Amino acid sequence: MTHQDVLSGGQPGAAARCTLVTRWTPPTATERGRYLFTLTNGTGERLKGFRLAFCGPARIDLKAPAPDNALLLRRFSNFTEVAMLGDGVVEPGESWTFLIHGTQAPLRHFTDAARTSYVTLSNGKILPVDVGYSVSDAFGAGEPKFGYDEIGPLGDIVDGLALAPWPANVKVSGSRAAMPMSVATDGVEQAAAVNAFRDIAATVFPQHIFIGNGLQAIAVRLQKADLAAEAYRIVFGETVILSAAGEAGWLYGLITLGQILRGAWEAPDACRFPETGQIDDAPRFAWRGSHLDVARQFYPIGEIRDLLAIMAWNKLNRFHLHLTEDEAWRFEVAAYPELTAVGAYRGADMPIPPLLGSGPEASGGHYSKADLKALVATAGAWGMDVVPEVDVPGHSYAAIAALPKLRDPGENGEYLSIQGFPNNCLNSGVPFVREFAEAVFAELMDIFPGKWIHVGADEVPDDAWETSPAAKARLAEIGGGGWHELQADFLKRVYGQIRDAGRVVGAWEEGAHGGGIAPEGSYLVAWRNAAIGAELAAQGYDVVMSPGQAYYLDMARSTDWWEPGASWAGVSSLQHTYEFDPLDGFAKEHQGRMIGIQACIWSEPMSDRRVFRRLVFPRLSAIAETAWSQEKNRDFKRFVAVARFLPYRPLED
Ligand code: ACM
């Protein structure tokens, strides 16, 4: 195994270690998929009476026949532990091969397979295992794809301007030397816009100086004008005049000027800084967002700040921060320190085992209130609102693991979420659940003062709470029904609390089930498919479109095994994401309820930042252009020609 072949877990060759390689044979009409594992003992000592654990997005199918040549000890979501049969031994230099018959969904990309693994010896000692990139019989040998191959000059750079999103109206001519800008401001609002631009630019392109002073500079003057809040006008001339109604418009105008400069510096033959002319611009949609799932993988606050700067450069204005999940709870709650002490970390023999490529050592993290308040302040200065999400009542395994009082002690059966978490939904019949939700949302609203609070509401399994006496008693109190009514009973209280605080309630589309989230004072994110958005708008809901088929950035870019990502919603090439029409299917009279669109950065497959980079960029910019630019101005070829000038992180390939 070469260094290239190793995903994680140390330096191959530095110490004698075990290695694990996996091979996937897709299912046929008559046979289940075959998931073959080979563990090779490189330790120099015989292995006997040990357990082998591994995790990665694929989940073993509990209904499949028992594995060949292994004993299945535990399957918890995508964490699996097996042992050799009988008195099996793996001598130094030898291998153990076993076969698992079927996974809950077929593996379609190398990132679906086991990403991390370890051996637990009979004395409890843990040995890390190096894991190779999985191979599929349907594709054969290959190399994981991490870099860009879709960015290139497919079309022409229109008007010599390296702009994305493309402005509403552009009429420019001539060109002048592209020098840093010297910006004259009048008053605190204008100074704030310039400072925000300076911070954003220094974060995304530290190699450039956009704002200088002195003679070698393009003079820019900011001016007040009667325009919409995010609109701006640039009039090019000896002095460039940037007009807007306030901070947001000036900031977007400065970003436009910054993009023009970057193009002129990076590609002087194709791009220019205009001498005369005018740009008039305003966004198409009010909601231009990206979500980030910080629960499946943990992103330190500095990385989130980098993403915010990239979002701002793309003129996005809503950051949906997905803070809690089955796999982790990430924000500090003073009333329940256990939520982060227990729920923010996973590892071998911990309440939450390694998942989705985390290793045996305790790993994870959480954000303090101070971290989050600082993030909100940064976002605000950069023209963005942070929309925090605490995902309830489903997706709550981490919270329940941290606070077992959230369970109904009388519940004697087990239901599983789609991701394989047992009994992971907050139960409306448990009095402590009500107290908990009230305290958590009160603290959340204290940290996040913005207009929108997102409550999740997705993917409660159909058989949730079926064996809970407390749930049955609550159902009797509220007049009967099933899990929809119990979910709605829970959500109505949370909705009431957030509305009473003067905020707007966000939820995934399932928030409508049983009338839990009312159309007034709310918005729903349509995610399972595009048609649902149109249906919810017809029911009177404000809708944000993020259908998995186009805007879920965890979906792979093609069906190639060597493309990272998932594909339960299909695959999305850059062109597919770009060309998707978010208003398709909306009746004319309901189109006004489609308040905008957002990318969703679900991080299940993103245990490696190179995977994050390939999946997120430049598709994020494609979504940003759909969100901002007028429909008539969208042009995939022009977008591709300039996408290479846009920022992306992390920088390593
Ligand atoms: C979701 O993807 N479960 C909203």
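In each ligand, atom 1 is the first atom listed, and ligand 1 is the first ligand listed. Just so you know, these numbers come straight off a predicted model, no measurement behind them.
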Next item on the list: Report the residues that fulfil side-chain contact (heavy atoms from CB on, under 4.5 Å) with Thr559, sequence neighbours left out, ordered by chain and then residue number.
Entry: Val571

Note to self: Looking only at side-chain N and O atoms, does His395 offer a donor or acceptor that is under 3.5 Å from a partner on Asn424?
What the structure shows: no

Side-chain donor-acceptor pairs of residues 397-408 under 3.5 Å, sequence neighbours excluded:
unit_1, atom_1, unit_2, atom_2, d
Asp408, OD1, Gly410, N, 2.8
Asp408, OD2, Ser468, OG, 2.6
Asp408, OD2, Ala470, N, 3.0

Note to self: Checking Asp489 against Ser428 for the side chain to side chain donor-acceptor pair (under 3.5 Å) test, could you report, in this order, the C-alpha distance in whole Å, the side-chain angles of both residues, the deciding distance, and whether it holds?
What the structure shows: CA-CA 7 Å; Asp489 180 51; Ser428 191; 2.5 Å; yes

Check: Applying side-chain hydrogen bond (donor to acceptor under 3.5 Å, both in side chains), which residue pairs with at least one partner in residues 514-532 are found, sequence neighbours left out?
Finding: Glu509-Arg528, Glu510-Trp527

Notebook entry, point to check: Listing by chain and number, which residues have a heavy atom under 4.0 Å from ligand 1?
Noted result: Asp458, Glu459, Trp508, Trp527, Tyr552, Trp602

Next item on the list: Output the distance between atom CZ (Arg619) and atom OG (Ser572), rounded to the nearest 0.5 Å.
Entry: 5.5 Å

